[in-house]
Structure formats: C-alpha cells, structure tokens
Amino acid sequence: MSVSENQGFNTRAVHAGQAFEPRTGAVVPPLHFSSTYAQDGIGGLRDGYEYGRGGNPTRDALQEQLAAVEGGTHAFSFSSGLAAEDSLIRALMRPGDHIVLGNDAYGGTYRLINGVLGEWGIGNTPVDMSNLDAVSEAVAANKTSFVWVETPSNPLMKITDIQALAKLAHDAGALLVVDNTFASPYLQTPLALGADVVVHSTTKYIGGHSDVVGGAIVVKDAELAGKIGFVQFAVGAVSGPMDAFLTTRGLKTLGVRMDRHSDNAQAVAEWLLERPEVEAVLYPGLPNHPGHELAKKQMKKFGGMISVQFKGGEAAARKVAEATSVFTLAESLGGIESLMNYPSEMTHASVKGTELAVPVNLIRLSCGIEDVGDLIADLDHAFTFIQ
Ligand SMILES: *Cc1c(COP(=O)(O)O)cnc(C)c1O
C-alpha cells in the first residue's frame, strides 16, 4: 500500500516504501545488493536505476519511509550520522559561512564542524540554545547560514523552543537544522514546527537495536533536496543495502519502542529524584525540569534518555557507571538494551577542556525496553557502592 500524510505515525512507519514485491508477492521487499543495473540499450534504464552509489531500491525504500515519518518531502540516507552532517554542510554552506550551534552539542558534531570543516572556512559559535537572546546575538554577529540545535540536548537534556528558534533563524536569513536523534520522529517532528532540515544518527532510536550505524537528512523543500541529493551522489557516503534494510526494519517498530523507552525513563527518573546520593536528575519528564512545559508542548512523550549528577562528585559517578549489570557500560544510545555512559571520558571526550565540556559528576542513562523493575534494582545495587 502507499501511505498518506493523514495516516497515523505507526501506519506510515510500517508501510511507507514497503509495498510488497509484485512478482512473488513477498510482503517484505527484497534486499537489493547489486552494485549495477542492466541497461536496455545504451541509456535505457529500468526505473532510473544505473549504479549503486546513485540509487538502490533498498536505500530508496528507507528514504521514503524516513520522509514519511518526519513529514518531509525528501530524505537521504548515509553511512553514519556524521557522514550525513558533513554532506549537509557541504551541500548548503560555503567558505566564510557560519554555524551557531548548541554549547552542549554532540561531541562528534562539534569535532566535525570545528576540527574538520573549520579548516575549510566554516566558522562556528557555540551558545546556550535555550537562551534565545544569546542565540540572536551570535546569529547577528556573523554571516550565519545555519542555526543548529539538538533538543533534548546531549547530555544536559536542555529543551529548546523549535518554533521560536525557526522564526529567529528565518528573520536572520538562516536555516534551522534540528538534530532529532534524541527525540526521534515519533516524539517530535521539527519540520512541522518550522525547521528547515532534520538530521539523524539512525544508529540510535531509528535503527533501535544497536546493530547498524547510519545517518539521515530530511527536508521539505525541493531546492534544498536537489543540492543535498547532488552531494550524496557526488561524495558517496551512502548507506549500504544491508544497513538500509536493518534501519528500515528498526524504524517499523519505532513507535512501540519509544512508548516503552519513555515510560521506563519516566519511572527511573522519578526513582532517582528520591535518592539522597543524587544532586540532580536531568529529565524533561520531571515537573521540576526547566524545559518541562515546553517539552510537553513540542514532544509527544519525554524519551528514554536521563542524565544524573552525583553529590559524591566524579568518584561517585565513575563508581556507579562501572557497577551496573543490566545497564551495559558502552557509548551510544537508543537501543532496546539499557546503556550507561560516562560522557566526560566517553561520548564527549573530544570536547574535554573546551566550553562544551561535560560535568565530571554526570552519568547518562539510555533506558532500554527491559522490565523497569530490573532497571531500578540494577541502579539500587550500584548505589550501594557509593553509600
Ligand atoms: C551519535 C550521534 C551523532 C553522530 O552519529 P553517528 O551515527 O555516530 O555518526 C549525531 N548526533 C547525535 C545527537 C548523536 O547522538
């Protein structure tokens, strides 16, 4: 079946780009590994397919599905989230242009923008994105073409008003790019709130099973899509067929997983809040979170990510990070299994010593879809080491 934008999220996630195979009726579209396609005479392409970097039916199916769930018109799938970000910047920016981004942006995003693209003439200013006056000032002070935001942010879980930021960016002639990795399109659709571009690390919630690395760009404008499609083809950091297939399979169940991730995280956050060892729980689902009301407005639920700061400082954070067993100590997030991360030495080690550095008494939890009682029992046991 083909899907319409009036259908619900889960219907679109399951069916967009996933029509059964006409010859056999195979309900799951076949995985196409071929790198090249036979031509019916020179230039006689079947359905436009010529060569695997330019087009592959398995990747196209994923791209159609991604566009449908984000409410975009075009989506582009890449070999990683950072490959997607690199292609996006090179497609739409030129030397001398400037990016204003969150001062707690994902470390790898900052490393790409500052450490790689900085050498090619792309400037950047990190600011607190939840402070719109500060953003406005930074945008006006430079030839800003991108305002780049993560909301919720990683790992400080700050919430930014997408609608207000879109207006601010547009008034200054800039585009708003939202990294929607943490929320996922099930919880938040930035294009509907005025954003121009959504980027994803599909490695996280969209893939959802910690078994594939990938990235995506989604837009709602044909001119932007033309420029991004050209760089995707000309640079070639595309997802391979197996990666695209696994990502599609994950995306079909995104809605049911996000409901469980969010419910588990809410219960874990409420438990943490009562613990004497804890200095702060950063979770937008808690009424005391400064972004709670805003998150309620622009998100369907509050997601599966929690950051926790300990009164016992760095030592306590490190002890708890190394003492859990249901939560596995590992980088990444968004899989069905719970993960524990010590950002200042792990995911955010690349921003240590910069203004993007993460507090050393902080751990980040990616709450999986296990039984929530087991998650809490695991943390309860780990806390005995810091009492
Ligand atoms: C992981 C991540 C990225 C980078 O994606 P990769 O797939 O690892 O290249 C970008 N943004 C956020 C928020 C992430 O969590």
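Just follow the structure's listing: the first ligand is 1, and inside any ligand the first atom is 1.
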Peer 1: Can K204 be said to sit on top of Y106's aromatic six-ring, NZ or CZ under 6.0 Å from centre and within 45° of the ring axis?
Peer 2: yes
Peer 1: Starting from the N and O atoms of ligand 1, find every protein N or O within less than 3.5 Å and list the pair with its distance.
Peer 2:
from     : atom 1 : to   : atom 2 : distance (Å)
ligand 1 : 5 (O)  : S201 : OG     : 3.1
ligand 1 : 7 (O)  : G81  : N      : 2.9
ligand 1 : 7 (O)  : S201 : OG     : 2.8
ligand 1 : 7 (O)  : T203 : OG1    : 2.8
ligand 1 : 9 (O)  : G81  : N      : 3.0
ligand 1 : 9 (O)  : L82  : N      : 2.9
ligand 1 : 11 (N) : D179 : OD2    : 2.7
ligand 1 : 15 (O) : K204 : NZ     : 2.8

Peer 1: Kindly determine whether V320 and F385 satisfy side chain to side chain contact (heavy atoms under 4.5 Å, CB included), including the steps that lead there.
Peer 2: CA-CA 7 Å; V320 170; F385 294 92; over 6 Å; no
Peer 1: Tell me whether the centres of the aromatic rings in F302 and F182 are closer together than 6.0 Å.
Peer 2: no
Peer 1: If the threshold is 4.0 Å, N to carboxylate O, is there a salt bridge linking E70 and K220?
Peer 2: no
Peer 1: Cation-pi check, R257 to Y205: give yes when NZ or CZ is under 6.0 Å from the six-membered ring centre and within 45° of the ring axis, no otherwise.
Peer 2: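 No, a cation-pi geometry is absent between R257 and Y205.
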Peer 1: Begin from the C-alpha positions of E150 and S153 and carry the test side chain to side chain donor-acceptor pair (under 3.5 Å) through to its verdict.
Peer 2: CA-CA 5 Å; E150 294 171 30; S153 70; over 6 Å; no
